[in-house]
Amino acid sequence: MPKQFTLNKKERLKKTKLIEHLFQSGKKITAFPLRMHYLFPEQADAPLQAAFSASKKNFKRSHERNLIKRKLREAYRLQKLPLQTEIAGKNQPLILFFVYNGKEKPPYELIAAKMQELLNKMLLIVQAHEADTPNT
RNA sequence: ACUACAAACCAGGUUAUCGCUCUCCUGAUAUUUCAGGAGGGAGGAAAGUCCGGACAGCAUAGAGUAAAUGCACCGGUUAACGACCGGGGUGGAUAGAAAUAUUCAUACAGCGAGUGCCACAGAAAAUAACUACCUCCAUCCGUGGGGGAAAAGGUGAAAACGUAGGGUAAGAGCCUACGAUGAUAUUUAGUAAUAAAUAUUGUGGGUAAACCUUGCAUGCUGAAAUGCCAUGUAUACCAGUGCAGGAGCUGCUCGUUCCGUAUUGCUUUGCAAUUCACUGGGUGGGUAGGCAGCUAGAGUUGUACAGUAAUGUGCAACCCAGAUAAAUGAUAACCACUUCCAAUUAAUUGGAGGAACAGAAUCCGGCUUAUCGGUUUGUAGUUUUU
């Protein structure tokens with residue numbers, strides 16, 4: 001029986017080119033203090049990949065950025081399952097990029113709630129995406 | 001017991017659930033993935049990138065000189081250092097009547113080489129002369145001019161050694177005594193810096209974190225180094241060809257090396273001057289990747305010996321992060337620590353909090369800066385008991 005709440009190297013977005021492409025032509029959803037960029041690329045290593053970031057402008061210390069990224073990863077890891085099962089049934093990969101926009105260190109409960117909001121919206125978008133461009 | 005200061009050390013723990021990264025083993029898949037198991041997984045500063053190295057690449061025939069940068073009491077330690085240890089000098093603070101003791105700071109060579117600068121005030125901030133002093137001349141008796149001198153006054157952060165006496169027209173280290181202090185020499189103590197004593201000689205400021213002088217040291221670039229692999233296209237180097245130049249000596253000067261060639265001139269196998277194109281795709285550059293570099297080391301721990309110490313030597317045991325949009329986390333409970341409130345049996349219970357600074361990126365030795373709280377040791381003070 002495979003594990004459910006994993007987040008290993010394959011599920012993290014690493015390719016610089018893909019990230020640049022995502023920021024140039026991707027779309028975004030905001031649920032302050034979180035912002036999510038998303039894109040349906042033509043090719044990817046895994047069906048669902050995600051990356052996390054915190055602005056260096058707001059958090060100058062590296063350990064603060066590390067802490068926020070860890071909390072983001074944790075929230076994503078525990079709540080991504082519905083989206084993952086939805087996207088696994090299709091032939092279309094999806095990449096996500098989460099940015100924390102706030103200026104103060106957030107508690108985990110806030111991040112978890114906002115993450116759930118974003119992922120629910122994304123789930124609707126994925127279902128609609130299938131309707132717009134049906135598989136051939 | 002408490003308080004203050006200094007130094008050293010530590011940087012919450014356990015369990016459960018869900019995860020991350022690396023290594024090894026087993027099984028499956030069938031060649032890079034999955035599952036299971038075992039083990040490792042941030043710091044005292046990982047930080048700032050301020051010094052010093054290791055390591056790597058490039059450069060490097062020589063001499064002289066200059067420049068630039070850094071350092072600057074003495075001895076020692078070290079791979080090395082601008083670091084560290086010990087000692088000395090200088091300047092504070094505390095205690096003491098004093099000698100002295102404790103403790104803190106110290107870019108601590110030279111202004112007895114040259115040049116410059118020294119706000120305000122003051123006559124003057126460096127070949128000193130405003131008031132006042134002495135003397136000579138003139139005088140309308142108010143004073144004016146020349147000379148001497150640097151004691152008194154006032155200014156200032158700093159005023160041309162201090163006090164007393166002699167001396168003088170008035171004065172002055174001008175002379176003498178005592179004292180202060182610099183330089184030189186000798187002796188004694190010390191490896192030395194230096195200290196003490198004696199002698200000679202000086203006393204004409206300060207400033208070198210002003211230029212500068214003296215002595216010593218120093219190639220340049222940093223893991224985005226560097227090597228290999230794959231991808232891949234325009235042209236810099238390289239190779240070849242021709243009617244040919246090219247390479248190097250950090251700047252300058254002197255001097256000079258190697259390979260190669262045509263033209264012109266002349267004193268003709270020598271000397272002097274002058275002189276770039278084409279072809280190929282071996283080397284290199286850019287772009288986004290992978291592997292190596294990449295963690296066994298000036299290593300860690302313990303111990304014995306040497307040394308005042310920094311540190312060194314011997315022996316034994318151990319292997320202890322290796323990520324790359326960047327792992328080491330999240331949640332809960334309990335136990336320790338601590339703050340506040342309440343209750344009482346006065347050291348316990350209950351409730352609500354707090355837990356810093358901060359995240360490895362090739363690796364070491366330092367320095368600097370940030371830091372909630374705790375432990376130990378030493379010194380000083382106060383209080384209690386005997």
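We name chains A, B, ... by the order of the sequence lines, and we start the count at 1 in each one. This one's a predicted model, so the numbers in the text were calculated from it and none came from an experiment.
A101(B) and C117(B) have their P atoms separated by 48 Å, with the value rounded to a whole Å. Between the P atoms of C340(B) and U21(B), the separation comes to 46 Å (whole Å). Annotation: A42(B) and U328(B) have their P atoms spaced 11 Å apart (nearest Å). Annotation: G75(B) and G89(B) have their C1' atoms spaced 15 Å apart (nearest Å). Across the C1' atoms, U386(B) and G353(B) are found 45 Å apart, a figure rounded to whole Å. With C1' as the reference atom, U127(B) and A160(B) are 13 Å apart, rounded to whole Å. Comparing G366(B) with G350(B), their P atoms sit 49 Å apart, to the nearest whole Å. With both ends at atom P, the span from G52(B) to A80(B) equals 15 Å, rounded to whole Å.
Remark: C71(B) base-pairs with G215(B); criterion is Watson-Crick or G-U wobble with both hydrogen-bond distances under 3.5 Å. Nucleotide G302(B) has C315(B) as its partner under the Watson-Crick or G-U criteria, with both atom distances under 3.5 Å. Nucleotide G62(B) forms a Watson-Crick or G-U wobble pair with C254(B), both donor-acceptor distances falling under 3.5 Å. Across all strands shown, G112(B) forms no Watson-Crick or G-U wobble pair with both distances under 3.5 Å. Base pairing annotation: A105(B) forms a Watson-Crick or G-U wobble pair with U90(B), both donor-acceptor distances under 3.5 Å. For U168(B), there is no paired nucleotide, since no Watson-Crick or G-U wobble pair has both relevant distances below 3.5 Å. If you check G270(B) for Watson-Crick or wobble pairing at under 3.5 angstrom, you find it paired to C266(B). Using Watson-Crick or G-U wobble geometry with both donor-acceptor distances under 3.5 Å, C120(B) finds no partner in any strand shown.
Residue Arg70(A) places at least one side-chain N or O closer than 4.0 Å to OP1 or OP2 of U328(B). Checking the phosphate oxygens (OP1, OP2) of A326(B), a side-chain nitrogen or oxygen of Arg73(A) falls inside 4.0 Å. Between A326(B) and Lys69(A), a contact under 4.0 Å exists linking OP1 or OP2 to a side-chain N or O.
Contact check on Glu74(A) versus Arg77(A) returns a salt bridge, with a Lys/Arg side-chain nitrogen under 4.0 Å from an Asp/Glu carboxylate oxygen.
Glycosidic conformation, C133(B): anti, with the torsion outside 90° of 0. More than 90° away from 0 lies the glycosidic angle of U233(B), which makes this nucleotide anti. Classified by its glycosidic torsion, G205(B) falls in the anti category, the angle being over 90° from 0. Nucleotide A42(B) carries a syn base; the chi torsion (O4'-C1'-N9-C4 or O4'-C1'-N1-C2) is within 90° of 0. Glycosidic conformation, G114(B): anti, with the torsion outside 90° of 0.
What separates CG of Leu78(A) from P of A330(B) is a distance of 13 Å, to the nearest Å. Taking atom CG of Leu72(A) as the reference point, atom P of A325(B) lies 17 Å away to the nearest angstrom. Between the CD atom of Gln79(A) and the C1' atom of G19(B) there is a distance of 15 Å, rounded to whole Å. Remark: C1' of C20(B) and OH of Tyr76(A) are 15 Å apart, rounded to the nearest angstrom. If you take CZ of Arg65(A) and C1' of G359(B), they are 10 Å apart, rounded to a whole angstrom.
No side-chain heavy atom of Thr30(A) sits less than 4.5 Å from a side-chain heavy atom of Leu118(A).
Residues satisfying the side chain to side chain donor-acceptor pair (under 3.5 Å) criterion with Arg35(A), sequence neighbours excluded, are His37(A).
Of the listed nucleotides (A330(B), A325(B), G19(B)), A330(B) has the atom at the smallest distance from the side chain of Glu74(A).
In this model, no side-chain donor or acceptor of Arg77(A) finds a partner on the base of C20(B) within 3.5 Å.
Note that CE of Met122(A) is 13.0 Å distant from CE of Met115(A), once rounded to the nearest 0.5 Å. Separating the CZ atom in Phe52(A) from the CZ atom in Phe97(A) is a distance of 9.5 Å, to the nearest 0.5 Å.
Of the residues near RNA chain B, Lys71(A) and His63(A), the one whose nearest nucleotide (by heavy atom distance) lies more toward the 5' end is Lys71(A). Positionally, the nearest nucleotide of RNA chain B for Ser53(A) lies more toward the 5' end than for the other of Asn66(A) and Ser53(A).
No continuous path of ILVMFWY side-chain contacts below 4.5 Å connects Leu34(A) to Leu67(A), so the two sit in separate hydrophobic clusters.
Within the 3.5 Å criterion, the main-chain N or O of Ala112(A) finds a donor-acceptor partner in the side chain of Gln79(A).
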